[in-house]
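Structure first, commentary second.
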Amino acid sequence: MSEEELAEFETDVLAGFVLARASAGLGDSTIRNDTNHLELIRDCFGRPLWEADRRGRCGHPRRRR
């Protein structure tokens with residue numbers, strides 16, 4: 001998959017997330033906050049979220065419950 005295709009796929013996934021949240025009746029500010037958090041996490045990992053593992057590779061240790 002090329003870089004451009006990956007970027008388009010990530011955009012499509014995020015758009016689906018937003019549509020699902022809106023369909024569930026969540027408000028714009030809630031959806032905006034959720035997408036902002038996802039983008040922060042994605043930036044922290046430096047790669048698509050589906051490639052991230054559970055060990056907290058962005059410098060934040062995973063909490064055990």
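E10 places no side-chain N or O within donor-acceptor distance of the main-chain N or O of A7, the cut-off being under 3.5 Å. Under a 3.5 Å cut-off, the side chain of T30 and the backbone N or O of L26 do not form any donor-acceptor pair.
Between R21 atom CZ and N33 atom CG the span is 10.5 Å, to the nearest 0.5 Å. From M1, atom CE reaches atom CD of E8 across 9.5 Å, with rounding to the nearest 0.5 Å.
Under the 4.5 Å side-chain heavy-atom criterion for grouping Ile, Leu, Val, Met, Phe, Trp and Tyr, L38 is not connected to L19 through any hydrophobic cluster.
Looking at F17 and I31, their side chains never come closer than 4.5 Å, going by heavy atoms from C-beta outward.
Closest heavy-atom contact between E39 and L14: OE2-CD2, 3.8 Å.
In the displayed structure, N36 atom CG is contacted under 6.0 Å by more than 12 heavy atoms of other residues, nucleotides or ligands.
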